[in-house]
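First comes the structure, then the notes that go with it.
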Amino acid sequence: MPELPEVELMCRALHRWCAGRELLGLDVLDEKLLPAQDLRGQRVSRVERRAKLALLFIDAQVLVLHFRMTGGVCALPSPEARPPHARLRLRLGGPGSSGEGPPAVALVDPRRFATARLLPEEELPALLAGFGPEPWPEPRDGAWWAARLAGLRGPLKPALLHQERVAGIGNILASECLFLARIDPRTPVPSLQPAQWEAFAAVVGPFIDAVLEAEQRSFDDESGIAYVNTGGPNPFAVYGREGQPCPRCGAPLQRIVQAGRGTWLCEGCVGSI
DNA sequence: AGGACTGTTCCGCG
DNA sequence: GCGCGGAACAGTCC
């Protein structure tokens with residue numbers, strides 16, 4: 001479920017697994033993803049997140065992974081292991097900067113929406129310039145959010161998904177944070193009051209921290225496919241819960257569609273539009 | 001069988 | 001420029 005927190009966790013995992021290690025091979029298991037590459041002997045220096053991208057720095061190049069809807073990463077028990085839906089595999093040699101790591105890692109993606117590209121490091125700034133600034137971990141206040149979305153006229157919730165304004169907010173994060181801030185997702189951006197911007201700003205950082213902490217557990221077990229919400233109960237307050245009672249007031253939660261995407265809200269908890 | 005889905009891009013229309 | 005709907009991508013899970 002890759003939004004900002006999930007991509008952050010995947011990047012941390014990739015960094016632990018790969019940083020400082022030699023590449024023994026880059027296996028393109030789905031040729032739709034990337035042309036075959038020979039990167040043997042090159043070294044993964046580090047892995048960083050920017051927006052919803054994972055950036056693997058390999059010598060003078062960067063392998064840029066975009067997980068889209070269903071992409072994920074996992075550590076493999078053997079160099080030739082091929083878990084279901086594996087699309088790209090990195091075989092690794094030598095101990096990493098955090099000790100022994102797995103013999104290989106893979107990008108897995110059942111739906112095959114994920115993308116990968118390899119580009120010279122000097123081309124990275126131009127790619128990243130297309131994304132807005134990060135809403136986390138640096139604290140952002142209400143004025144920052146208002147300025148980032150200034151000029152947009154439509155409803156707030158779809159506006160939050162504009163990656164060129166603010167990078168990393170996804171459909172779940174948007175619904176959940178608006179619920180926590182008691183803001184109606186249909187409110188036009190120009191109608192937001194300063195107090196509402198502040199309420200929203202106050203909610204985002206702690207919510208991302210909470211998701212990271214909750215999902216950290218699924219990454220702590222690095223023995224198999226260790227990524228994203230594999231089964232388990234829906235951990236969210238409103239997402240995917242239409243018809244269920246609002247955790248705050250008990251009224252049935254609503255699902256509406258905005259810009260073609262589901263939005264979940266409690267009509268009893270939001271102020272007037 | 002049919003619909004919905006955590007992301008993004010493209011097109012056409014207004 | 002903005003925003004929407006729709007389609008496309010491709011697969012799984014109700």
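Computed from heavy atoms alone, side chains included, the values below leave out hydrogens, waters and symmetry copies. Note on naming: letters A, B, ... go to the chains in the order of the sequence lines (proteins, then strands), and numbering restarts at 1 for each one. A quick note: this is a predicted structure, and the numbers were derived from the prediction, not measured.
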Review point. Heavy atoms under 4.0 Å, any strand shown: does A:L152 hit a base, just sugar-phosphate, or nothing?
Key: sugar-phosphate
**Study point:** Side-chain N or O of A:Q163 closer than 4.0 Å to phosphate OP1/OP2 of B:dG7
**Key:** no
Review point. How many Å lie between CG on A:L161 and P on C:dG5, as a whole number?
Key: 14 Å
Practice item. Scan A:R186, A:R255, A:K157 and name whichever one has a side-chain hydrogen bond (donor to acceptor under 3.5 Å, both in side chains) with A:T263. Key: A:K157
Review point. Can a cation-pi geometry be assigned to A:R248 and A:F179, taking NZ or CZ under 6.0 Å from the six-membered ring centre and within 45° of the ring axis?
Key: yes
Review point. If the C1' atom of B:dA1 is compared with that of C:dC9, how far apart are they to the nearest Å?
Key: 22 Å
Check your understanding: Rounded to the nearest Å, what distance is computed from the CD atom of residue A:E242 to the C1' atom of nucleotide B:dG3?
Key -> 12 Å
Check your understanding: A:K32 has an atom NZ; how far is it from atom C1' of C:dG11, in whole Å?
Key -> 10 Å
Review point. Hey, is CZ on A:R117 packed in by over 12 heavy atoms from elsewhere, all under 6.0 Å?
Key: no
Review point. Taking the side chain of A:R68 as heavy atoms from C-beta outward, which of B:dC5, B:dG7, C:dT12 is closest to it?
Key: B:dG7
Check your understanding: A:R153 near the nucleic acid: base, sugar-phosphate alone, or nothing, with a heavy-atom cut-off under 4.0 Å?
Key -> base
Review point. Taking the side chain of A:H162 as heavy atoms from C-beta outward, which of B:dT8, C:dG3, B:dG7 is closest to it?
Key: C:dG3
Check your understanding: Rounded to the nearest Å, what distance is computed from the CZ atom of residue A:R241 to the C1' atom of nucleotide B:dA4?
Key -> 17 Å
Revision key, fill the gap. In whole angstroms, the gap separating P of B:dC5 from CD of A:Q258 amounts to 13 Å
**Study point:** Reported SG-to-CG distance for the pair A:C177 and A:L160, which is rounded to 0.5 angstrom
**Key:** 8.5 Å
Practice item. Return the nearest nucleotide to the side chain of A:R255; candidates are B:dA4, B:dG7, C:dT12. Key: B:dA4
**Study point:** Pair A:Q254-A:W264, side-chain donor/acceptor within less than 3.5 Å
**Key:** no
Review point. If you measure only the distance, is there a donor-acceptor pair under 3.5 Å linking the side chains of A:D209 and A:W136?
Key: yes
Review point. OP1, OP2 of B:dT8 versus side-chain N and O of A:K52: anything below 4.0 Å?
Key: yes
Review point. In whole Å, what is the span from the NE2 atom of A:H85 to the C1' atom of C:dC9?
Key: 16 Å
Study note, to complete from the structure: Rounded to whole Å, the CZ-C1' distance (A:R261 to B:dT8) equals 9 Å
Review point. Is A:E122 atom CD crowded by more than 12 heavy atoms from other residues, nucleotides or ligands, each under 6.0 Å away?
Key: yes
Check your understanding: Which nucleotide, C:dC4, B:dT9, C:dG3, lies nearest any side-chain atom of A:A259?
Key -> C:dC4
Exercise for review: Determine, answering yes or no, if A:F113 is stacked on B:dG7 under the 5.5 Å centre rule and the 30° plane rule.
Suggested key: yes
Review point. For DNA chain B, what dot-bracket results from Watson-Crick or G-U pairs at under 3.5 Å, with [ ] for crossers and | for inter-strand partners?
Key: .||||.||||||||
Review point. According to the interplanar angle, ranging from 0 to 90°, do the rings of A:W145 and A:F200 count as parallel (below 30°), tilted (30 to 60°) or perpendicular (above 60°)?
Key: perpendicular
Revision key, fill the gap. Between A:R112 and A:G154, whichever has its closest DNA chain C nucleotide further toward 5' is A:G154
Point to revise | Rounded distance (Å) that lies between atom C1' of B:dC5 and atom CD1 of A:I256 | key: 17 Å
Practice item. Scan A:R165 against the nucleic acid and name what it touches under 4.0 Å (heavy atoms): base, sugar-phosphate only, or nothing. Key: sugar-phosphate
**Study point:** A:H66 vs B:dG7: side-chain N/O to OP1/OP2 distance below 4.0 Å
**Key:** no
